[in-house]
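Only one structure is covered here, and it is reproduced in the block below.
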Amino acid sequence: MPELPEVETVRRGLQRLLPNRVVKTVESDTPKSFPNSEADVSQFLIGAHVTQVRRRAKVLLIDLSTEYTLVIHLKMTGQMVFVGTERFGAGHPNESLISSLPNKSTRVMLTFTDDSKLFFNDFRKFGWMRLLPTIQVPELDFFKKVGPEPLSVEFTDKVFAERLKRRARTNIKAALLDQTVLAGVGNIYADESLWGAKIHPATKVGDLKPAQLKQLYKELQYVLLLAIEKGGSTDKNYVDAEGKKGSYMSFARVFRREGLPCPRHTEVLVEKSRVAGRGTHTCPVCQVIAI
DNA sequence: CACTTGACCTGTCCGC
DNA sequence: TGCGGACAGGTCAAGT
């Protein structure tokens with residue numbers, strides 16, 4: 001579930017909270033979540049301080065003073081939650097999560113020298129965290145193949161159209177979800193941007209007109225920027241670096257709104273189907289397959 | 001190579 | 001009420 005806006009929201013929180021904190025201890029409940037050897041951990045993580053927190057695609061990168069980096073993928077249900085030494089009072093919106101930590105979803109717990117903590121929680125165990133030399137991060141297979149950042153200045157509508165060409169025979173939703181075409185889009189923002197551009201998700205990429213691609217490019221940027229502004233989308237599980245939920249879902253036009261009115265045609269209800277193997281939300285009036 | 005499908009997990013919800 | 005099965009959706013491996 002964490003897509004670009006959610007991971008970016010977490011990154012901004014961690015960038016505000018982590019730099020200069022020194023790692024004291026690390027505990028992990030399963031090697032699947034954090035496979036590094038104890039030798040690497042004690043040499044390159046314990047005693048290191050955080051220098052900065054970056055993001056590429058849906059991956060978080062916590063850089064350390066040892067020139068190692070914690071590379072983190074939250075996949076669907078991962079959370080990175082920082083808990084400082086000041087405690088909230090009862091009734092604080094984050095208190096129930098914060099006070100439960102570590103809980104049964106906690107996979108990795110970092111404790112800093114000031115006794116603040118960083119929790120990596122992930123109940124489905126799809127996510128992972130690993131320690132790598134910073135210089136080796138770009139050499140990971142994923143980073144060698146991943147496409148451009150959709151909010152970067154280099155990513156123009158021309159670049160978007162060009163990169164979609166090699167996926168001409170598949171449907172546009174599968175192409176948007178393909179991280180080698182562009183980085184960071186997942187199921188939520190694929191559906192939201194396609195509704196915005198009035199394109200049916202099952203439309204073949206090769207059948208889309210240049211004007212439609214240009215509109216999709218604009219809608220994609222609009223929903224990603226709006227979602228970052230709203231702190232991401234919390235459907236069930238997602239929270240930011242302080243345990244807070246995101247509010248984009250209350251702005252969503254079609255995602256998880258099956259059976260509710262389309263914002264453009266209040267007499268028509270949003271439908272749910274399956275495209276590219278994913279639950280897909282569309283308006284049957286505005287989104288018609290181009291021929 | 002382009003493209004699709006299933007596996008990885010576990011919690012929740014729906015129908016019987 | 002209990003229980004089985006479908007579903008959630010990011011990425012990779014294996015399939016066509």
Side-chain angles (χ1 to χ4, degrees), chain A residues 1-11 28-35 55-61 71-80 96-97 100 103-108 120-130 137 140-147 149-150 162-194 201-207 224 227 232-239 245-246 248-249 252 254-259 271-282:
Chain A
M1 217 192 359
E3 305 180 26
L4 187 154
E6 289 74 31
V7 179
E8 176 61 19
T9 301
V10 173
R11 184 201 71 78
S28 173
D29 79 330
T30 159
K32 183 178 162 61
S33 298
F34 188 44
R55 177 191 61 77
R56 174 75 171 102
K58 300 172 190 170
V59 179
L60 276 171
L61 301 166
V71 183
I72 302 159
H73 202 308
L74 301 175
K75 292 290 180 84
M76 260 94 68
T77 58
Q79 304 174 328
M80 293 297 296
S96 63
L97 171 64
S100 77
N103 61 29
K104 66 178 177 178
S105 296
T106 300
R107 305 295 166 220
V108 186
F120 171 39
N121 307 321
D122 183 19
F123 80 85
R124 283 171 78 178
K125 301 183 189 174
F126 286 2
W128 46 263
M129 170 189 281
R130 53 197 275 213
V137 171
L140 290 170
D141 284 347
F142 177 83
F143 284 130
K144 284 198 282 191
K145 291 185 299 186
V146 73
E149 287 292 322
E162 188 60 36
R163 296 192 67 85
L164 281 171
K165 277 186 183 166
R166 63 193 181 84
R167 302 301 306 263
R169 296 160 66 86
T170 192
N171 60 65
I172 185 63
K173 177 153 179 175
L176 288 178
L177 295 175
D178 181 345
Q179 300 297 296
T180 71
V181 173
L182 75 165
V185 177
N187 208 35
I188 301 171
Y189 305 108
D191 280 7
E192 288 289 291
S193 59
L194 286 165
T203 311
K204 298 286 178 240
V205 172
D207 291 338
L224 293 175
S233 298
T234 295
D235 181 21
K236 294 192 177 78
N237 189 252
Y238 165 76
V239 292
K245 297 178 178 192
Y248 179 85
M249 290 298 276
V254 287
F255 190 79
R256 286 290 156 76
R257 289 179 49 80
E258 58 270 30
E271 295 179 348
K272 186 167 182 184
S273 62
R274 193 153 276 266
V275 178
R278 312 289 166 83
T280 296
H281 310 77
T282 52

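So that the names make sense, note that chain A is the first sequence line, chain B the second, and so on, each numbered from 1.
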What integer number of Å spans the [atom1] atoms of [N] and [M]?
N: dC7(C); M: dT5(B); atom1: P; result: 15 Å
N: dC3(C); M: dC9(B); atom1: P; result: 25 Å
N: dG11(B); M: dT11(C); atom1: P; result: 22 Å

Is the distance from OP1 or OP2 of [N] to the nearest side-chain N or O of [X] less than 4.0 Å?
X: Gln179(A); N: dT11(C); answer: yes
X: Lys125(A); N: dG10(C); answer: no
X: His73(A); N: dG10(C); answer: no

Lys/Arg-Asp/Glu bridge criterion (N-O < 4.0 Å) met for Glu149(A), Arg56(A) =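 Salt bridge present between Glu149(A) and Arg56(A).
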If I take atom [atom1] in residue [X] and atom [atom2] in nucleotide [N], what distance separates them, rounded to the nearest angstrom?
X: Phe123(A); N: dG9(C); atom1: CZ; atom2: P; value: 12 Å
X: Asn187(A); N: dG9(C); atom1: CG; atom2: C1'; value: 6 Å
X: Asp122(A); N: dT11(C); atom1: CG; atom2: P; value: 13 Å

5'-to-3' dot-bracket of DNA chain B (Watson-Crick, G-U; under 3.5 angstrom; crossing pairs as [ ]; | other strand) = .|||||||.|||||||
5'-most contact on DNA chain C: Asp141(A) or Phe126(A), nearest heavy atom basis?
->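 Result of the comparison: Phe126(A).
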Quick one: does [X]'s side chain get under 4.5 Å of [Y]'s, heavy atoms only?
X: Lys58(A); Y: Gln179(A); value: yes
X: Lys75(A); Y: Arg124(A); value: no
X: Glu3(A); Y: Tyr238(A); value: no

Which nucleotide, dA8(C), dG9(C), dT11(C), lies nearest any side-chain atom of Arg274(A)?
->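 Ranking dA8(C), dG9(C), dT11(C) by closest atom to the Arg274(A) side chain puts dA8(C) first.
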Could you please name the option among dA8(C), dG9(C), dG10(C) that lies closest to any side-chain atom of Glu3(A)?
->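 Looking only at side-chain atoms, Glu3(A) lies closest to dG10(C).
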Classify the ring geometry between His73(A) and Trp128(A) as parallel (under 30°), tilted (30 to 60°) or perpendicular (over 60°).
->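 Because their plane-to-plane angle lies in the 30° to 60° range, the rings of His73(A) and Trp128(A) count as tilted.
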Which part of the nucleic acid does Lys58(A) contact within heavy-atom distance under 4.0 Å: base, sugar-phosphate only, or nothing?
->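 Sugar-phosphate contact only.
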Just call it for Gly277(A): base, sugar-phosphate, or nothing, with non-hydrogen atoms closer than 4.0 Å on any strand.
->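 Here Gly277(A) touches no strand at all.
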Expected output: side-chain [X] to main-chain [Y] donor-acceptor under 3.5 Å:
X: Asp141(A); Y: Lys145(A); answer: no
X: Glu271(A); Y: Gly259(A); answer: no
X: Arg130(A); Y: Val71(A); answer: no

Passing option when Thr170(A) is tested against Arg166(A), Lys173(A), Arg167(A) for side chain to side chain contact (heavy atoms under 4.5 Å, CB included) =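 Passing option: Arg167(A).
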First and last nucleotide of DNA chain B touching chain A, 5' to 3', heavy-atom cut-off 4.0 Å?
->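 Here the contact window of chain A covers dA2(B) to dG11(B).
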Could you check Arg278(A) against Lys32(A) and say which one's nearest nucleotide on DNA chain B is further toward the 5' end?
->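 It is Arg278(A), whose closest nucleotide lies nearer the 5' terminus.
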In terms of side-chain heavy atoms, does Thr30(A) have a donor or acceptor partner in Lys125(A) at a distance below 3.5 Å?
->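 Distance-only check fails for Thr30(A) and Lys125(A).
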